[in-house]
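The block underneath contains the structure these notes are about, expressed in structure tokens.
Just so it is clear, the model here is predicted, and its values are computed rather than measured. The analysis underlying the following values was restricted to heavy atoms, covering all of them including side chains, and did not include hydrogens, waters or symmetry mates.
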Amino acid sequence: MSESLKSYTVSERETGTGENTMETESIVYFHPTQDMYKMAAAKRHWWEGTVLPENILRAEDAGGFFVPVDCTVPHFYYKKKPWPEEVLSQAMETVLHGAPGLADAFLHPQVMTLMSERQRERWEPRRETMEKLAASLLAASAADSLFQKGRVNVLLGRPGDTDWQMEMTRRLLDPYLPRINSLIFHFEEVDGTDIWEETADQLEEYGYEYGLVPGMRPYLKTQKGLCCSRERCGGVILDYADTPRYPRVEREGRTVYADLTSNQEKEQVCIGKNGCILYISPLKYLDTIVKTGYDRKT
């Protein structure tokens, strides 16, 4: 992490979203047990009084943005049946309520599949949580590129979330704005909607202090679906879209691809770019934090 950003996040004790906080905030990461050789499976006699193992890590492991809580979900093997949903959900609630300060959960996709549609809505992380994760992720893996290259491409997702995505982007980029000289938003065109009019206030905010004039480019309709324009991207790509938008990436240097949806298909596309893209996501970031905490203990 660069010294200037370290000063911003730690010395001023800010959350990374531009807002001060007086209360500890934690994110509980529920993920499946990886070591298949240990007897860590949940059995039938766990159905009453089930307790999930938790490990409260250091705030420093997340750059001071939040307190990570590592919680593994053991495999369930009674008669090849899946976890009893209500039992697992209640055990997760217990861990969440015992986490430091204001806590929220982030579920690994495999754990989320154990939840019904009714339960999934309850276990989706809050937008504030995703913003905090994104701020910490950028500080850990994209700060140098943001400061040195000063180029950002934002791939907007669902049109109904445009306002939130624009506001979140402004807060995420706030520590880096003095060094950003190119900011392009890619958007989905909607009939009867003027994107320039809808985003005018957000776009003007960039110019008040730093004189930055963001650009707006519509996605192209192709056989693959919606794709980015043919111009090549460099620096940092900030992606809110649910599905891949296939941006073309410069061959020179290394582009940082921050996938805020932790989409496995996007990761595979980036892997196929012969090392010219550094793929990062909240899921990979939390996995790294957990591994770092485990390595420190051993």
Side-chain angles (χ1 to χ4, degrees), residues 16-17 27 29-31 62-63 65-66 68 104-113 124-146 149 151-159 161-162 164-173 176 180 183-188 217 219 224-229 232-250 253-291:
T17 60
I27 297 178
Y29 178 39
F30 293 99
H31 60 96
F65 287 83
F66 59 91
D104 195 16
F106 186 98
L107 273 60
H108 187 283
Q110 291 181 27
V111 176
M112 185 64 87
T113 61
E124 286 290 342
R126 297 188 298 264
R127 285 182 169 179
E128 293 82 1
T129 300
M130 293 306 301
E131 185 169 333
K132 196 170 295 295
L133 264 174
S136 184
L137 175 68
L138 293 181
S141 304
D144 287 343
S145 182
L146 287 166
K149 296 184 179 180
R151 298 176 59 191
V152 182
N153 280 267
V154 182
L155 312 187
L156 296 176
R158 300 174 186 176
D161 291 334
T162 297
W164 164 65
Q165 294 166 15
M166 295 287 289
E167 292 170 2
M168 176 171 166
T169 300
R170 176 64 176 80
R171 291 191 290 269
L172 290 177
L173 297 182
Y176 316 96
I180 293 177
L183 175 60
I184 306 295
F185 289 92
H186 302 257
F187 66 95
E188 179 181 348
R217 293 178 184 165
Y219 290 122
K224 293 181 179 179
L226 296 178
C227 297
C228 290
S229 61
R232 294 189 180 275
C233 302
V236 173
I237 297 173
L238 192 61
D239 188 356
Y240 292 92
D242 294 332
T243 57
R245 294 295 187 241
Y246 306 102
R248 301 186 70 189
V249 177
E250 293 180 346
R254 201 178 196 191
T255 299
V256 179
Y257 193 113
D259 172 23
L260 300 186
T261 65
S262 301
N263 183 289
Q264 187 175 13
E265 185 178 354
K266 294 180 192 175
E267 183 176 8
Q268 292 303 314
V269 171
C270 290
I271 291 174
K273 296 296 183 179
N274 299 321
C276 64
I277 299 179
L278 172 61
Y279 175 88
I280 59 177
S281 72
L283 181 63
K284 287 179 69 68
Y285 180 53
L286 288 171
D287 280 337
T288 300
I289 291 176
V290 167
K291 183 179 185 302

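Judged by distance alone, the side chain of Ser136 and the main-chain N or O of Lys132 form no donor-acceptor pair under 3.5 Å. Listed for the Lys266 side chain is no donor-acceptor partner under 3.5 Å among the backbone atoms of Tyr279. In this structure a side-chain-to-backbone donor-acceptor pair under 3.5 Å is missing from Asp242 to Gly157. Tyr219 places a side-chain N or O within 3.5 Å of a backbone atom of Leu156 that can act as its donor or acceptor partner.
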> Could you go step by step and tell me if Gln165 and Phe185 meet the side-chain contact (heavy atoms from CB on, under 4.5 Å) rule?
Replying inline: CA-CA 10 Å; Gln165 294 166 15; Phe185 289 92; over 6 Å; no
>> Assess the residue pair Ile277 and Ile237 against the criterion (side-chain contact (heavy atoms from CB on, under 4.5 Å)); give the C-alpha distance rounded to whole Å, side-chain angles, the decisive distance to 0.1 Å, and a yes or no.
In response: CA-CA 10 Å; Ile277 299 179; Ile237 297 173; over 6 Å; no
>> Working note: Thr162 + Phe187, criterion side-chain contact (heavy atoms from CB on, under 4.5 Å); need CA distance, chi angles, decisive distance, verdict.
In response: CA-CA 9 Å; Thr162 297; Phe187 66 95; over 6 Å; no
>> Is there a side-chain contact (heavy atoms from CB on, under 4.5 Å) between Tyr240 and Thr169? Walk through the geometry before answering.
In response: CA-CA 10 Å; Tyr240 292 92; Thr169 300; 2.7 Å; yes
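With sequence neighbours excluded, the residues forming a side chain to side chain donor-acceptor pair (under 3.5 Å) with Thr243 are Arg245, listed by chain and number. Applying the ring-ring contact (aromatic ring centres under 6.0 Å, His included) test to Phe66 and every residue at least two apart in sequence or in another chain returns nothing. Contacts of Arg126 classified as side-chain contact (heavy atoms from CB on, under 4.5 Å), with partners at least two apart in sequence or in another chain: Leu102, Asp104, Glu128, Thr129.
Closest approach of Ser262 and Leu283 over heavy atoms only: OG-N, 3.2 Å. Across Tyr285 and Ala62, no two heavy atoms sit closer than the pair OH-CA, 3.6 Å.
Put simply, CG on Leu138 and CG on Leu260 are 7.5 Å apart, with the number rounded to the nearest 0.5 Å. Distance check, rounded to the nearest 0.5 Å: CG of Leu155 to CD of Glu188 gives 12.5 Å. Note: Asp259 CG to Cys270 SG = 7.5 Å, rounded to the nearest 0.5 Å. The distance from the CG atom of Leu137 to the CZ atom of Phe65 is 10.0 Å, given to the nearest 0.5 Å. Rounding to the nearest 0.5 Å places CE of Met130 at 11.0 Å from CZ of Arg127. Here Phe30 contributes atom CZ and Gln110 contributes atom CD; the two are 15.5 Å apart, rounded to the nearest 0.5 Å.
Counted by atom type alone, Asp287 and His31 present zero donor-acceptor pairs between their side chains at under 3.5 Å.
A salt bridge is absent between Glu250 and Lys149: the closest approach of a Lys/Arg side-chain nitrogen to an acidic carboxylate oxygen does not fall below 4.0 angstrom.
For CZ of Arg232, the number of neighbouring non-hydrogen atoms (other residues, nucleotides, ligands) closer than 6.0 Å is greater than 12. A 6.0 Å sphere centred on CD of Gln264 holds no more than 12 heavy atoms belonging to other residues, nucleotides or ligands.
The shortest distance between side-chain heavy atoms of Leu146 and Val152 falls below 4.5 Å. The shortest side-chain heavy-atom distance between Asn153 and Pro247 does not fall under the 4.5 Å cut-off.
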